[in-house]
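Here is the structure we will look at.
Note on naming: letters A, B, ... go to the chains in the order of the sequence lines (proteins, then strands), and numbering restarts at 1 for each one.
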Amino acid sequence: MSSIRPNKNLFALADCNNFFASCEMVFNPGLDKKPLVVLSNNDGCIIARSQKAKQLGIKMGEPAYLYRERAKKGEIQMLSSNFTLYADMSQRVMQTLSSFSPDIELYSIDEAFFLLEPSSDEVLRSRALEMRRKVKQWTGIPVSIGTAPTKTLAKIANETAKKDKNGDGVCVLTDPVSISERLKKTALEDIWGIGARLSERLKRKRIYTAAQLVEADDVWIRKLLGVTGFQTVLELRGTPCFQLCEEPGKKKSIVCSRSFATRIEDLSLLQEAIAAFAANAAEKLREQESVASFLSVFIAASPFQEPYESRSCHIQIPNPTSYTPELIALAKEGLSQIYRSGCSYKKAGVLLGDFSDSDAAQTDLITPSSDTDKKKEAMKVIDKINARYDKPSLRFAAEGVDQHPTSRSWKSAEANIRANVSPKFTTSWHDLLKIT
DNA sequence: TCTGGGGTCCTAGGACCC
DNA sequence: TCTGGGGTCCTAGGACCC
């Protein structure tokens, strides 16, 4: 648990507005004319909405097919997701924000927290406005900024800035009176850390707003919401419990999973998919210089159809490794244990866990790493080439070699579906924006 | 017909030990 | 007849986030 110490500094949260939709609009301003939504991996559901799409009442996570008809009629614009573009735009936004303060925590692809010196509300406001202006000017992305004594309150301030349509995208929430006024208008599910389940639990106890929650008894809250829930309440009262985390830190688990565009029954296709997931996860593992001693494989039918079946297996790896061929072999072995013929699978994935540092593993006599220098060198070369050229340049044969659009490979159906994707404007020379 | 993907932390309960 | 209790570790699942 992070220590609770008096912290006179203030927290600011910068959050990009409608981030994925905004990224698309930077390179294609015409998209602003009609509601725009960005779709998930298989164009399955809606994961981002422009302001106009939000006004139409389109919800986050809704299945895309509900809106296909209206898209055909031209009322709504639908784009496949382009994560290469979003990740690059994110980096540019974060770089711009970092130029204002060294005390910055990159919280998610579109959000960053800052530590600010205490100052008058006017000064805080003008600083935030200046940040906002510069990010817009340098990247084209609109951001909202909320400033408050704790992270949880900064979240609420940010939300306030976003919701105020006549506002300037900035909200400073520092004095106790305006904080308590704001909490009266804040619904439980709009509190950072209080989700649908905990909201329900609280409502059953006749608590409906953030203001009512902060008035509740400590012991009672602790019992009902657990430690993190209690910390959230302290934060709402103005006591910082969640500190700024500047170092991102290594991941404790790495998952690579996909829903398939079509149902898959064939074991060999599943094997290819699982191999590709293992290879992908292994690459991320090497990127953070870790080796894994735990691997899990899972396959699942569609959760929207009876009978739902989901199976997984867990494998302890005696000699921790990040060597792709070994991890592929283990994953395939795991798959063979859980696969049942006659079942049609809609989703599969590989999870790696129980990490240790790849260099430290060598000196550990009890669990020696199986990554010899030769293997390490081979992986290094592959990673280097794949990082330099458009992916996938080098792959393992187990991942499947037939990538032709008419083939039966697990990926081709996906490629056919994800047709409406924007170019990699900022990361591929071929896709540079053309001004005509 | 069509419903994402990738994370973190906490907790309750079981197994086991003394 | 009387049949403990506390500590630790592990794991599955729940809850949250974007």
Side-chain angles (χ1 to χ4, degrees), chain A residues 1-2 13-16 18-20 37-48 58-69 71-72 78 80-83 86-87 90 105-113 151-152 155 158-159 188-202 222-232 235 241-242 245 248-263 277 280-281 284-285 288 294 296 298 300-305 308 310 312-314 316 344 346-355 413-414 416-418:
Chain A
M1 191 175 100
S2 53
L13 172 66
D15 190 329
C16 300
N18 319 320
F19 184 53
F20 299 163
V37 297
V38 177
L39 307 178
S40 65
N41 191 41
N42 286 317
D43 288 358
C45 62
I46 291 163
I47 57 168
I58 301 176
K59 302 271 183 315
M60 177 74 173
E62 274 192 298
Y65 69 83
L66 295 175
Y67 295 97
R68 291 249 188 257
E69 276 308 309
K72 266 185 206 155
M78 285 183 162
S80 306
S81 45
N82 183 350
F83 278 97
Y86 311 148
S90 169
E105 171 187 345
L106 309 185
Y107 177 69
S108 74
I109 192 163
D110 70 334
E111 285 169 85
F113 283 103
K151 280 182 160 182
T152 307
K155 271 269 180 191
N158 189 287
E159 222 24 62
L188 295 173
E189 46 275 45
D190 294 336
I191 302 170
W192 189 46
I194 308 285
R197 302 298 175 96
L198 293 183
S199 294
E200 273 313 302
R201 213 181 281 175
L202 285 164
R222 171 67 184 79
K223 217 171 151 188
L224 201 71
L225 304 183
V227 275
T228 31
F230 182 51
Q231 286 179 313
T232 294
E235 285 238 322
C241 297
F242 308 129
C245 310
K250 293 185 179 183
K251 283 177 190 127
K252 294 169 182 174
S253 66
I254 292 171
V255 180
C256 183
S257 71
R258 288 285 177 282
S259 292
F260 302 125
T262 56
R263 295 201 179 82
F277 301 153
N280 195 328
K284 291 183 196 164
L285 185 64
Q288 66 165 34
F294 173 81
S296 164
F298 66 90
S302 167
F304 304 99
Q305 206 174 22
Y308 177 64
S310 159
S312 64
C313 82
H314 312 286
Q316 295 298 330
S344 62
K346 191 71 173 79
K347 184 173 179 172
V350 170
L351 179 145
L352 303 178
D354 278 356
F355 301 153
E414 184 179 312
N416 287 339
I417 284 174
R418 290 174 46 82

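- The pair K151(A)-E105(A) counts as a salt bridge, with a side-chain nitrogen and a carboxylate oxygen less than 4.0 angstrom apart.
- Base pairing analysis places dC18(B) opposite dG5(C); the two distances defining the Watson-Crick or G-U wobble pair are each below 3.5 Å.
- Checked against dG6(B), dC10(B), dG4(B), the side chain of N41(A) finds its nearest nucleotide in dG4(B).
- Atom P of nucleotide dG7(B) and atom CD of E105(A) are separated by 17 Å, given to the nearest angstrom.
- Note that the SG atom of C45(A) and the CG atom of L66(A) stand 10.5 Å from one another [nearest 0.5 Å].
- Within the 4.0 Å cut-off from OP1 or OP2 of dG6(B), at least one side-chain nitrogen or oxygen of R258(A) is found.
- Using cut-offs of 30° and 60° on the angle between ring planes, the pair Y107(A) and W192(A) is perpendicular.
- Atoms CG (L66(A)) and C1' (dC2(B)) sit 9 Å apart, rounded to a whole Å.
- Taking atom CD1 of I47(A) as the reference point, atom P of dG7(B) lies 15 Å away to the nearest angstrom.
- Taking for each of Q305(A) and K223(A) the nucleotide of DNA chain B with the nearest heavy atom, the 5'-most of the two is the partner of Q305(A).
- Side-chain N/O atoms of K346(A) include none lying less than 4.0 angstrom from OP1 or OP2 on dC2(B).
- Comparing dC18(C) with dT3(B), their P atoms sit 25 Å apart, to the nearest whole Å.
- Here the P atom of nucleotide dG7(B) and the CG atom of L351(A) are 8 Å apart, to the nearest Å.
- Stacking between Y65(A) and dT1(B) is absent: the aromatic ring centre is not both under 5.5 angstrom from the base six-membered ring centre and within 30 degrees in plane angle.
- One finds no side-chain N or O of R263(A) lying less than 4.0 angstrom from the OP1 or OP2 phosphate oxygen of dT1(B).
- In terms of modelled atom types and a separation under 3.5 Å, the side chain of E159(A) and the main chain of D190(A) share no donor-acceptor contact.
- In this structure, S253(A) contributes its side chain and G353(A) its backbone to no donor-acceptor pair below 3.5 Å.
- Looking at heavy-atom distances under 4.0 Å, I254(A) makes contact with sugar-phosphate atoms alone, never a base.
- One atom, CG of L106(A), and another, P of dG7(B), lie 16 Å apart when rounded to the nearest Å.
- Positionally, the nearest nucleotide of DNA chain B for S253(A) lies more toward the 5' end than for the other of R222(A) and S253(A).
- A close approach under 4.0 Å does not occur between any side-chain nitrogen or oxygen of T228(A) and OP1 or OP2 of dC9(B).
- In this structure, the side chain of S81(A) does not engage the main chain of F83(A) through any donor-acceptor pair within 3.5 Å.
- Taking side-chain N and O atoms only, K252(A) has a distance below 4.0 Å to OP1 or OP2 of dC9(B).
- The shortest distance between the side-chain N/O atoms of S257(A) and the OP1/OP2 oxygens of dG6(B) is below 4.0 Å.
- Judged by the 6.0 Å distance and 45° axis criteria, K250(A) is not positioned over the aromatic ring of F355(A).
- For N280(A) and dG5(B), the CG to C1' distance is 12 Å, given to the nearest whole Å.
- Among the atoms of the strands shown, none is found under 4.0 Å from any heavy atom of K59(A).
- Between the CZ atom of F83(A) and the P atom of dG6(B) there is a distance of 10 Å, given to the nearest Å.
- In this structure, the side chain of E235(A) engages the main chain of T152(A) through a donor-acceptor pair within 3.5 Å.
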**Study point:** Base-contact (B) and sugar-phosphate-only (S) positions in nucleotides 13-18 of chain C, heavy-atom cut-off under 4.0 Å, - elsewhere
**Key:** --SSSS
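- If you take OH of Y86(A) and P of dG4(B), they are 17 Å apart, rounded to a whole angstrom.
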